[in-house]
Trainee: 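Have a look at this one.
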Amino acid sequence: MPIISSAELQIQSNNEFFPSNTNVKSNPFFKVLFLFLCFLLIDSPLSFAAEDLSESWFNPNRLNMLIFLILFFAVIIYFIQRAKKGKSLFIRRIAGLDAIEEAVGRATEMGRPVLFVPGIEDVNQIQTVAAMIILGNVAKMVADYDTPLFVPICRPFVVPVAEERVKEGYAAAGRPDAYNRDNVRYISDEQFAYAAGVQGIMLRDRPMANLMFGSFFAESLMLAETGFLTGAIQVAGTANIHQLPFFVVACDYTIIGEELFATSAYLSKEPKLLGSLKGSDLAKAIIIGILALGAILETLGITQFTRWFFIE
Amino acid sequence: MRREIPIAICFLVGISFILEYFIPHEDVLSIFETIRQWAIIVIAFAYVLGIANLVRINSHVIQRKGRDWPYKIILVVSLFFMITVGIIFDIFGIRLGGIGEGTIFGWVYFHAQYPLQATMFSLLAFFIASAAFRAFRIRTFQASLLAVTAILVMIGRVPVGESLWADFPDFIEWIMNVPQLAGKRAIMIGAALGAISTALKVLTGLERTYLGGE
Amino acid sequence: MGTAELIWNGVAAFLVMSIYSFLYKDNPFYKFAEHLVVGVSAGYFAMILYYNAFLPKLINPLRAGQYWYIIPGILGLLMWARFSQKWQWLSRPTLGFVIGSGAGVAIPLYLQNYVIRQVHATMLPIGFTSWPLITNVLIIIMVFCALAYFFFSKQHKGAFGAAATFGIWTLMVGFGAGFGMTVMGRVALLAERVVFLRDYFAQLWGALF
Amino acid sequence: MRKILEKLESLDRRIIFIFIGLSIAIPLLFPVYTDFSVTAPVEGFYDAIEELSPGSKVLVSCDYDPGSMPELFPMNVAVFHHLFSRGHKIIVMQLWATGTLLAERAMNEVLQEFPDKRYGEDYVNLGFKEGREVVMVSMGTSIPKTFPTDAQGTKLEEIPLMQGVTNFDDITILMNISGGLPGTKEWVLQVQSRYGVKLGSGCTAVSAPEFYPYVQSGQLVGLLGGMKGAAEYEKLVQRPGTAQRGMDAQSVSHIVVFLFILIGNIAYFSVKGKKKRLKVSR
């Protein structure tokens, strides 16, 4: 069953700000970039003098950060508003979504459980929040079939959030009765005790689909290898760069870095939130522009531009 | 109201932490230090939920005599044993109570928990080998890039690599400092933008799924 | 070494072997060790939080008359509303507080360290006259292409697709390097365990004969 | 022949496990000591300590646990040894509760070689402080306020070594032995970037790649990555320890892993055409 319904409608091939057929003047991408670059060619006012700031109310050395932060926020909010107004935004389909669907589909087909591991960090870590958003949708997919969805948890604070998400997912699929509270299990705060507990579930409950999303550390390979041993289809996603190699090696599909957040934006209840992906794309486009310009200016020995990006 | 107040709190706390980043005033810093401490306290309270969840689920299994129930008894007993010797003994002033070296808690830590933990961790030495054996096949171009770099770095890092080719360590440094660094930077930049926009949506209440249904 | 120490180390050695028995297959020894480590570590963390968070950060300040610490106390207690079906919505303000503080702290730091700082470090002088300059060109191209891979607004087709493909190659080389770098650390962990077992059996041998 | 190759292609992982176990156990029992060179980040770490004028106050934060001990403990010992041998003063602290015991153990090991070093004059242990980044930032304001007493409960003003130490300005260099979080990343973000203090790091091999950018950007003066880093450093300070001994086991086990990958590929190409289950990437 599809996990994306309304969001899918937004996907039409209308290009927003990329220069395929648009004229340069009316394109917001070029406008913003142009203004921004003009502004940055002024010499940076940041002095980084070692003065005592313990009595002042603004850190002047972080002026650049403030500007970048406001700009980025504005871009994100602008695109979300645009999406809300019903402007269609083109977002390519993220392959990771198909992988999740396929894994869950196979498990439900065979009547085997689904395992969702939301990482080992607390709910104040953004990756865990993203994992929780994905979890709700996985619950929705599983609800129609009488296969259990196991959610082992490492931090107590994640338990209530996960319980709510799973319950909600089941309710959204019209199967609130199928929700089993005992399947959202707190295991241990200790990394390897947690890994041992999850391995236990893999070995004895034999889930057919292992979905691992969130912030992982050394336990990543332990889980992925044990999952492989039990023959499960594994889809993993994390923004923790140091663990990506292990997921890439041992899982069937790996969602890398930003794709994790993109996947969660896709799966959010509000399809309009996909607008944030557009915002983040615009930011990346600007960053590429800045990098190119910065490298050229640096080569010519002009450093005032680069200095805008210096942080004490 | 049941949603608006939490979202308002989330927004206010979040925005003030962002502002704090720009304010170097020492009074502000000390206020925020206190608030950070609060988060630790709140998390400590939530731990009771975790213990309750653990005990509830495992005692269900024990009651129903479900699969592996004798092991669940071990789990629950060891949990309460640690709490008893660590906190209850200490409160009632019983000898060897409390935590630290020379207490029952300390012994169990050093002779059960630590070895168990370290051994679990060391399983990775085996897993990394079996994963390498299985995955590093020259199947596609991408897979080969992955495999070849992994093998080169692996061999170049150990003394034997250096005896094969004197410049091996320099070559490894180059891999780490050029392609590895570039790839990592791109992931970092992208992931940070994604994380910030997700965080912003959460703060502004645009993304509120974490609060659960009504 | 005393008998007590020998016995305690024996317990540790037994647990180590129990975990390794998993490498052959799942068995009662491993199950025992697994459940023991979960139980003991859950109790361990309860203690750590009690002694390092609850006592010094809540009880002691309250005793010292810093009554504003009642706020986190209340926020914490609200979490316990989760025990009741009817009142569990009361836990949401706490959730809002924790998530809000996490997000608020993360936003400027992520922007500073993962975006701006990385951008600054990548703005390198380029050229084709010396090896370091060529290396800089390579770094910049690789960062560009890997970033292109993360574009969601455009299908990976044509020239853009080629850039994204080169980007994924860069990522793969990076992942391979990360994997290769890690083997050593993992081997070190096993080496430490081997040394522990070796020392224990040497002691046991010495004590018995 | 084909049958053998097919078998090898999907070799039982337990056979790999046995070989890995042996390849590590045997060299540990019979070490040979093969030679190796020193990489730049390790050199940087070593030079940063060499360049200090004798008697400098160095803060060492031991933020690791028994889990990362195999890699980090040898570094910790070597760092203490190096600092003492150059006549520096050591201020030890921990942001990990589990680090206290390990730091003490490392200090005791080194003190056997420097019996004339006095507690309170040549070294001091501030102990563990809960609060992660909060502790780091608050040390920037005031170290005596953050750590009112040392690990044994002695007031800081009564300790000679701590006289005149108010914040990071009075620390010549900060050495962080980092097993994870909070660790080097947090020290860089919270302390190095805010207060500009010189920072060196010893970390696990896993996190080393993550910290390389910091070395490149100059935020870290040097980096010891994992057992290899520790071994190189041990070589520089001329004090062979556990890390150097472990290098043989490392060499042999790496070769074994390499051989298995080779066998896997040979077998794979010989019996090619069979349906593959695993896709490494898209």
Side-chain angles (χ1 to χ4, degrees), chain C residues 20-25 44-45 47-49 51-57 105-106 108-110 112-114 116-118 120-122 124 139 149 156 164-165 168-169 171-172 174-199 201-202, chain D residues 13-14 17-18 20-21 23-29 66-74 97-98 128-131 133 185 188-190 193 203-210 213-214 216-219 225-230 242-243 245-250 252-254 257-258 280-282:
Chain C
Y20 285 141
S21 71
F22 164 77
L23 292 171
Y24 182 67
K25 66 177 202 189
Y44 169 79
F45 262 88
M47 225 81 59
I48 292 296
L49 285 171
Y51 283 103
N52 290 333
F54 186 72
L55 280 187
K57 290 191 200 305
V105 171
L109 285 182
Y110 278 29
Q112 170 185 310
N113 295 301
Y114 297 137
I116 307 300
R117 222 188 264 286
Q118 301 307 323
H120 184 257
T122 314
L124 303 160
I139 290 182
Y149 171 77
H156 288 167
T165 308
I168 191 80
W169 292 351
L171 295 186
M172 283 300 154
F175 291 154
F179 191 100
M181 283 294 274
T182 314
V183 178
M184 185 163 244
R186 302 311 187 220
V187 168
L189 296 168
L190 183 54
E192 193 262 354
R193 292 285 84 194
V194 170
V195 170
F196 166 78
L197 285 177
R198 181 195 69 189
D199 290 351
F201 285 114
Chain D
R13 51 147 109 203
R14 282 174 285 201
F17 292 164
I18 290 173
I20 288 297
S23 71
I24 292 170
I26 295 172
L28 274 175
L29 301 173
S68 41
M69 187 179 155
E71 289 180 86
L72 300 181
F73 188 77
T98 40
F128 160 72
K129 188 86 185 169
E130 170 72 45
E133 291 94 330
K185 190 165 106 192
V188 171
L189 306 189
Q190 304 286 351
S193 27
C203 66
T204 55
V206 203
S207 39
E210 191 176 354
Y214 296 140
Q216 219 199 23
S217 63
Q219 287 167 287
M227 201 188 243
K228 177 80 191 303
T242 24
R245 226 171 333 200
M247 287 321 284
D248 288 332
Q250 292 286 4
V252 178
S253 57
H254 278 64
V257 174
F258 170 71
V280 170
S281 69
R282 56 222 74 197

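Quick note: numbers below take in every heavy atom, side chains included, and nothing from hydrogens, waters or symmetry partners. Residue numbers begin at 1 in each chain, while the letters A, B, ... track the order of the sequences.
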Trainee: So what's closer than 4.5 Å to chain C heavy atoms on D/Phe128: side chain, backbone, both or neither?
Mentor: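 The side chain, not the backbone.
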Trainee: Between D/Lys185 and chain C, with a heavy-atom cut-off of 4.5 Å, which part of the residue counts as in contact: side chain, backbone, both or neither?
Mentor: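 Looking at D/Lys185, just its side chain touches chain C.
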Trainee: In Å, rounded to the nearest 0.5 Å, how long is the span from OG of D/Ser68 to CD of C/Glu192?
Mentor: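 The OG atom of D/Ser68 sits 10.5 Å away from the CD atom of C/Glu192.
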Trainee: Indicate the atoms forming the closest heavy-atom contact of C/Arg117 with D/Ser193, along with that distance.
Mentor: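 Scanning both residues completely, I find the closest heavy atoms to be NH2-CB, 3.1 Å.
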Trainee: Identify which part of C/Arg193 has an atom lying under 4.5 Å from any heavy atom of chain D, answering side chain, backbone, both or neither.
Mentor: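 For C/Arg193, no heavy atom lies under 4.5 Å from chain D.
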Trainee: I'd like to know which of D/Ile18, D/Val257, D/Thr204, D/Leu189 tops the heavy-atom pair count under 4.5 Å against chain C.
Mentor: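 Among the listed options, the one with the most contacts to chain C is D/Leu189.
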Trainee: For D/Pro70 and C/Ala188, which heavy atoms make the closest approach, and how far apart are they?
Mentor: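 Closest heavy-atom pair between D/Pro70 and C/Ala188: CB-O, 3.6 Å.
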Trainee: For D/Ser253, which atoms come within 4.5 Å of any heavy atom of chain C: side chain, backbone, both, or neither?
Mentor: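 Only the side chain of D/Ser253 comes within 4.5 Å of chain C.
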Trainee: Between D/Met69, D/Gln216, D/Lys228, D/Met247, which shows the greatest number of heavy-atom pairs under 4.5 Å with chain C?
Mentor: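 Among D/Met69, D/Gln216, D/Lys228, D/Met247, the one with the most close pairs to chain C is D/Lys228.
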Trainee: Quick one: pull up OH in C/Tyr20 and CZ in D/Phe17 and give me the separation to the nearest 0.5 Å.
Mentor: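 So the gap between those two atoms works out to 12.0 Å.
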Trainee: Who wins among C/Thr182, C/Val187, C/Val194 for the most heavy-atom pairs under 4.5 Å with chain D?
Mentor: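 Most pairs with chain D among the choices: C/Val187.
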Trainee: Given the options C/Met181, C/Met184, C/Arg186, C/Arg198, which has more heavy-atom pairs under 4.5 Å with chain D than any of the others?
Mentor: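 That would be C/Met184.
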Trainee: Find the distance between CG (D/Leu28) and CG (C/Leu190) and round it off to the nearest 0.5 Å.
Mentor: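 Reported value, rounded in 0.5 Å steps: 8.5 Å.
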Trainee: Mind ranking D/Lys129, D/Arg13, D/Glu71, D/Met227 by heavy-atom pairs under 4.5 Å with chain C and telling me who comes out on top?
Mentor: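 Heavy-atom pair counts peak at D/Glu71.
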Trainee: Under 4.5 Å from any heavy atom of chain D, what part of C/Leu23 do you find: side chain, backbone, both or neither?
Mentor: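 For C/Leu23, heavy atoms of backbone and side chain both lie under 4.5 Å from chain D.
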